[in-house]
Peer 1: 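The following block contains the structure, expressed as structure tokens.
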Amino acid sequence: MAEVLVLVDQVDGEVKKVTTELLTLARRIGEPAAVWIGEGADDAKAKLAEFGAEKVYVAPAELNDYVVAPKAELLAKLAGEKSAAAILVSATAENKEVAGRTAVKLGSGVLTDVVDVTADLVAEHSIFGGTTITHAKVRAGVPVIAVRPNSIPAEPAQGAAVEEQVSVELSDAAKAAKVVERVKQEKGARPELTEAAIVVSGGRGVGSDDFSVVENLADSLGAAVGASRAAVDSGWYPNQFQVGQTGKTVSPQLYIALGISGAIQHRAGMQTSKTIVAVNKDPEAPIHEISDFSVIGDLHQVAPQLTEEINKRK
Ligand code: FAD
């Protein structure tokens, strides 16, 4: 069975959930082979094996000293050497660039923001806010596919995770853009948006850049904070927290929408959440069509009461 290369996403040596999703997907296509760059592979191997990685290719940490290009050179080299069936990466801004560069090197094609892939490599995209599904296939060479986080449920399956050291002779071009400093993002105690089990999002109904009503409820639940595009465009909350078609896709156990109308572009990023709770003063708001529980009321009254009640029970 041909190998399917999966570029591992990790933070401080911890494998991100999206990688477990990609490994699950890779098993459908061929034999999953994780590609790890830098230190810490030994500690991560158990997790990669748990989701079916048969191989773990470990590349030198030096590749992380440069921006994007070395990863593409590594993936293209490995794809050739191992006769890979496909390359899967997460559809983050950086990895989409890696994917594009890799496909150019391989003379193949790239598909981005994919939500599913069949065993014969037909990729599915969800467009127009999830109302239309399109299918696409790379017809030449090794397809490079960037998959949106939270699109595929991760399912464990034991793999051997046999480690192999790999390296690549970086071109001068790949070394042209060097990372001079890494600054850790201040994220406080909140979980990462796309990885969180609970997400509390605020929309235009919050009414101002004082998002504390949303943050307080999130913190009482140990949740991540999200925002609608209306809130982001108003400058009330940073862009990286936007949920939806042009933001992040989330699929938590619980999604609480505060003052969000439920436009299709917002739904596209959260409609697969297990349980959806909407707090909206308009009983006709479209969000109620997909919510499991609806509270018709002013979020500035409902959310603080809910927060207080949850904090009391801790
Ligand atoms: P509104 O639609 O204005 O809704 C506010 C809601 O709050 C209303 O339902 C109102 O009843 C309720 N409300 C007001 N005050 C209160 C209160 N005190 N208490 C309780 N409820 C209250 N949107 C996204 O979110 N994410 C995307 O990724 C995204 N991508 C887009 C891409 C494109 C190409 C386009 C065209 C649009 C996109 N949008 C996206 C925008 C989307 O169409 C909506 O405009 C946006 O989602 C609306 O945000 P909202 O629900 O916060 O605001």
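Computed from heavy atoms alone, side chains included, the values below leave out hydrogens, waters and symmetry copies. In each ligand, atom 1 is the first atom listed, and ligand 1 is the first ligand listed. Keep in mind it's a predicted model, so treat the numbers as computed, not measured.
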Peer 1: Is His300 close to ligand 1, meaning an N/O of one under 3.5 Å from an N/O of the other?
Peer 2: no
Peer 1: I need the nearest protein heavy-atom contact for atom 2 (O) of ligand 1: residue, atom name and distance, please.
Peer 2: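 Nearest protein contact, heavy atoms only, for atom 2 (O) of ligand 1 is Ser261 OG, 2.6 Å.
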Peer 1: Strictly less than 4.0 Å: does any protein heavy-atom distance to atom 45 (O) of ligand 1 fall in that range?
Peer 2: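 Given the 4.0 Å cut-off, atom 45 (O) of ligand 1 does not count as touching protein heavy atoms.
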Peer 1: Hey, is Gly297 one of the residues with a heavy atom under 4.0 angstrom from ligand 1?
Peer 2: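 Contact check Gly297 vs ligand 1: positive.
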Peer 1: Looking at Gln245, which atoms of ligand 1 are within less than 4.0 Å of one of its heavy atoms?
Peer 2: 27 (C), 28 (O)
Peer 1: Verify, without hydrogens or angle tests, whether Gln253 (side chain) and Ser273 (backbone) share a donor-acceptor contact under 3.5 angstrom.
Peer 2: no
Peer 1: In terms of side-chain geometry, is the basic nitrogen of Lys71 or Glu94 positioned less than 4.0 Å from the acidic oxygen of its partner?
Peer 2: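 Salt bridge flag = yes for Glu94 with Lys71.
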Peer 1: Side chain, backbone, both or neither: which applies to Ile287 and ligand 1 if a contact is any heavy-atom pair less than 4.0 Å apart?
Peer 2: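 Near ligand 1, Ile287 shows nothing, with every heavy atom at 4.0 Å or more.
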Peer 1: Considering non-hydrogen atoms of the protein only, which is the closest contact for atom 10 (C) of ligand 1, and what is the distance?
Peer 2: Asn280 OD1, 3.6 Å
Peer 1: Should you measure from each heavy atom of Gly244, which atoms of ligand 1 turn up under 4.0 Å away?
Peer 2: 26 (N), 27 (C), 28 (O)
Peer 1: Looking at atom 22 (C) of ligand 1, what's its closest protein heavy atom, distance included?
Peer 2: Lys281 CG, 3.8 Å
Peer 1: Which residue and atom name correspond to the protein heavy atom nearest atom 13 (N) of ligand 1, and how close is it?
Peer 2: Gly205 CA, 3.7 Å
Peer 1: Do Arg267 and Ile290 touch side chain to side chain, with heavy atoms closer than 4.5 Å?
Peer 2: yes
Peer 1: Under 6.0 Å from the CD atom of Glu169, do we count more than 12 heavy atoms belonging to anything else shown?
Peer 2: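 Counting neighbours around CD of Glu169, 12 or fewer heavy atoms of other residues, nucleotides or ligands fall under 6.0 Å, so no.
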Peer 1: Nearest protein heavy atom to atom 36 (C) of ligand 1, by residue and atom, and its distance?
Peer 2: Gln265 NE2, 3.8 Å
Peer 1: On the 0 to 90° scale, with breaks at 30° and 60°, tag the Tyr255-His266 ring pair as parallel, tilted or perpendicular.
Peer 2: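 Tilted: the ring planes of Tyr255 and His266 meet at 30° to 60°.
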Peer 1: Examine distances only and state if a side-chain atom of Thr19 and a backbone atom of Val15 form a donor-acceptor pair shorter than 3.5 Å.
Peer 2: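 Not confirmed, Thr19 side chain does not pair with Val15 backbone.
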Peer 1: With a cut-off of 4.0 Å, which atoms of ligand 1 are near a heavy atom of Leu299?
Peer 2: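 Every atom of ligand 1 under 4.0 Å from some heavy atom of Leu299: 17 (C), 19 (N), 20 (C).
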Peer 1: Answer yes or no: does an N/O atom from Ala263 fall short of 3.5 Å to an N/O atom of ligand 1?
Peer 2: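 No - when backbone and side-chain N and O of Ala263 are compared with those of ligand 1, no distance drops under 3.5 Å.
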Peer 1: Specify the protein heavy atom at minimum distance from atom 3 (O) of ligand 1: its residue, its atom name, and the distance to 0.1 Å.
Peer 2: Arg204 NE, 2.6 Å
Peer 1: For atom 52 (O) of ligand 1, what's the nearest protein heavy-atom neighbour? Residue, atom name and distance, please.
Peer 2: Ser228 OG, 2.6 Å
Peer 1: Between the main-chain N or O of Ala285 and the side-chain N or O of Asn280, is there a donor-acceptor pair closer than 3.5 Å?
Peer 2: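 Checked: no pair found.
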Peer 1: Counting heavy atoms not belonging to Lys137, are there more than 12 under 6.0 Å from its NZ?
Peer 2: yes
Peer 1: At a 4.0 Å threshold, what atoms of ligand 1 neighbour a non-hydrogen atom of Ala230?
Peer 2: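 Those qualifying, in numeric order: 48 (C), 49 (O), 50 (P), 52 (O), 53 (O).
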Peer 1: Before signing off on this row, confirm whether Gly259 and ligand 1 have an N or O atom pair separated by under 3.5 Å.
Peer 2: yes
Peer 1: For residues Val56 and Val162, determine if any side-chain heavy atom of one lies less than 4.5 Å from a side-chain heavy atom of the other.
Peer 2: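 Answer no - side chains too far apart.
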Peer 1: In ligand 1, which numbered atoms sit nearer than 4.0 Å to a non-hydrogen atom of Gln242?
Peer 2: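 Ligand 1 atoms under the 4.0 Å threshold to Gln242: 26 (N), 27 (C), 28 (O), 29 (C).
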Peer 1: Relative to the heavy atoms of Val243, which atoms of ligand 1 are at a distance of less than 4.0 Å?
Peer 2: 24 (C), 25 (O), 26 (N), 27 (C), 28 (O)
Peer 1: Can you list the ligand 1 atoms lying under 4.0 Å from a non-hydrogen atom of Asp298?
Peer 2: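 Reading through ligand 1 atom by atom, the close ones are 17 (C), 18 (N), 19 (N).
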Peer 1: Look at Glu309 together with Lys312 and state whether they make a salt bridge at an N to O cut-off of under 4.0 Å.
Peer 2: yes
Peer 1: Is atom CD of Glu39 surrounded by more than 12 heavy atoms (other residues, nucleotides or ligands) closer than 6.0 Å?
Peer 2: no
Peer 1: Using a 4.0 Å cut-off to any heavy atom of Gly203, which atoms of ligand 1 qualify?
Peer 2: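 Taking each heavy atom of Gly203 in turn, ligand 1 has 52 (O) under 4.0 Å.
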Peer 1: Ser90 side chain to Val18 main-chain N or O, any donor-acceptor pair under 3.5 Å?
Peer 2: no
Peer 1: Evaluate whether atom CD of Glu164 has more than 12 neighbouring non-hydrogen atoms of other residues, nucleotides or ligands under 6.0 angstrom away.
Peer 2: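 Enclosed.
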Peer 1: Can you check which of Val232, Thr249, Thr246 brings a heavy atom nearest to atom 28 (O) of ligand 1?
Peer 2: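 Residue with the shortest heavy-atom distance to the ligand atom: Thr246.
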Peer 1: Going by distance only, is there an N or O of Ala231 that falls short of 3.5 Å from an N or O of ligand 1?
Peer 2: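 Among all N and O atoms of Ala231, none is under 3.5 Å from an N or O of ligand 1.
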Peer 1: Write out the residue and atom name of the closest protein heavy atom to atom 32 (C) of ligand 1, then the distance separating them to 0.1 Å.
Peer 2: Arg229 NH1, 3.1 Å
Peer 1: Keeping the roles fixed (side chain from Arg101, backbone from Glu73), state whether a donor-acceptor pair exists under 3.5 Å.
Peer 2: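 Pair absent, no side-chain N/O of Arg101 close to backbone of Glu73.
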